[in-house]
Amino acid sequence: MLRKLKTQTNEKLARGKPHLMKMFQDLGDFYMEFKWDFQSWIPLLSRILPSDVCLIYKKGNLLRMDTTLADFSERNWERGDITFLFNVDAPAGEQLVVMDNKTKVFQRGRREESEAEIDEEVDVLMSTDIVNAHMSTKTVGFKQAYSGWVFKHAREEQMGDFPVNFYSVEGLKLTTRKRREHLTSDDVKKNKSILHSLTSGHTVNDDEFTSLQHRKSLPPPGRLPTTWEEYSGAAPGAPPQMGRPQIVKTNEKQFKALVGMSEEFPLSVDVLVDLLEVVAPFKHLDKLRRFCSARLPPGFPVCVEIPLLATIAAKVTFQKFQFTNDIQDKLFTIPTSYREDPTRFPDL
């Protein structure tokens with residue numbers, strides 16, 4: 001199943017290549033900056049959450065993004081000096097290169113993993129909760145935001161070079177589902193300990209995540225008296241029990257958010273969604289892409305607040321944008337002093 005998921009991801013990217021090529025050809029060369037500020041309602045956690053400024057350069061069919069946040073998840077974040085290079089013209093499997101500028105290594109994205117790497121990923125999956133954090137945008141609505149106590153007026157601000165009109169976002173819901181029937185009692189204790197460390201304001205040692213040992217699966221749950229007719233005739237979404245009983249915990253949280261739109265920003269929302277598709281393996285960037293895919297008010301979202309996890313939200317601000325013909329070719333090449341490390345970014 002894990003191999004099939006990775007194959008489907010590669011196939012999806014290949015299907016989108018003609019669209020990306022047209023978008024790059026139609027779009028002029030540009031430089032853009034946008035900033036991430038992470039916030040939490042847990043006071044101590046807010047103090048240690050990272051911030052990040054992303055720089056994007058586009059020249060011809062080449063794209064470069066520099067970021068200081070290598071990865072972000074519910075229980076770990078990794079700071080660094082990371083560069084994405086994307087070449088629309090390159091063969092499948094070689095379009096994306098990610099460089100770690102601190103250790104001077106690079107990895108080509110979306111390749112075939114070795115048996116050992118697949119085994120290690122399965123071990124990680126089998127010892128942690130299955131977590132699905134889904135941001136629902138179906139019920140999202142936007143209302144004009146107002147400033148002032150007595151004489152209320154539409155909230156408008158100048159952000160960088162762009163006049164911005166603010167809207168409050170209503171009906172934004174983050175649903176987090178966790179399953180853990182595949183875990184041993186030791187796994188549950190260890191995972192709770194890691195989460196407690198984070199919410200107490202402590203960073204977690206990397207060794208916590210790399211000390212997993214290959215192990216046997218839990219004993220099979222035994223055959224259940226479910227017939228093929230019961231299974232195939234079940235209502236959609238309500239199949240009969242097939243394995244060990246599911247241990248599911250669902251948490252729904254309503255979010256109030258703000259979005260600032262500018263009709264003078266020279267980029268369209270559709271182009272932003274396409275650009276973020278390139279770096280979607282990194283979860284916080286994929287959340288931004290999903291939010292921007294919703295029906296937004298007129299203009300471009302210069303300032304966006306989005307929930308990432310049940311306890312963490314992000315504010316994204318697009319600070320600079322300019323079309324330019326002065327971008328140097330060397331920005332899109334891998335330095336000769338860098339060596340290839342095919343395992344540096346396991347999420348690719």
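If you're wondering where the values come from, they're calculated on a predicted model, not measured in any experiment.
- There is no path of hydrophobic side-chain contacts, each under 4.5 Å, that joins Leu258 to Tyr146.
- The hydrophobic cluster containing Met99, built from Ile/Leu/Val/Met/Phe/Trp/Tyr side-chain heavy atoms closer than 4.5 Å, also comprises Leu85, Val97, Phe106, Ile334, Tyr338.
- Taking a cutoff of 4.0 Å between a charged side-chain nitrogen and a carboxylate oxygen, Asp26 and Lys22 qualify as a salt bridge.
- The pair Arg179-Asp129 does not meet the salt-bridge criterion, since no charged nitrogen lies less than 4.0 angstrom from a carboxylate oxygen.
- A salt bridge links Asp29 with Lys58; the closest basic N to acidic carboxylate O contact falls under 4.0 Å.
- Evaluation of the side chain to side chain donor-acceptor pair (under 3.5 Å) test over residues 163-173, restricted to residues two or more places apart or in two chains, returns Gln144-Asn165, Asn165-Tyr167.
- Lys189 has no carboxylate O lying under 4.0 Å from a charged side-chain N of Asp187, or vice versa, which leaves the two without a salt bridge.
- Between the Gln8 side chain and the Leu5 main chain, no donor and acceptor come within less than 3.5 Å of each other.
- Remark: Glu252 does not engage Arg177 in a salt bridge, criterion side-chain N to carboxylate O under 4.0 Å.
- Using cut-offs of 30° and 60° on the angle between ring planes, the pair Phe30 and Phe323 is perpendicular.
- Between Phe321 and Phe265, the two ring planes are tilted [angle within 30° to 60°].
- Residues Asn251 and Thr176 bring no donor and acceptor atom of their side chains to less than 3.5 Å of each other.
- Its side chain within the 4.5 Å cluster rule, Tyr231 clusters with Trp228, Met242 among the Ile, Leu, Val, Met, Phe, Trp and Tyr residues.
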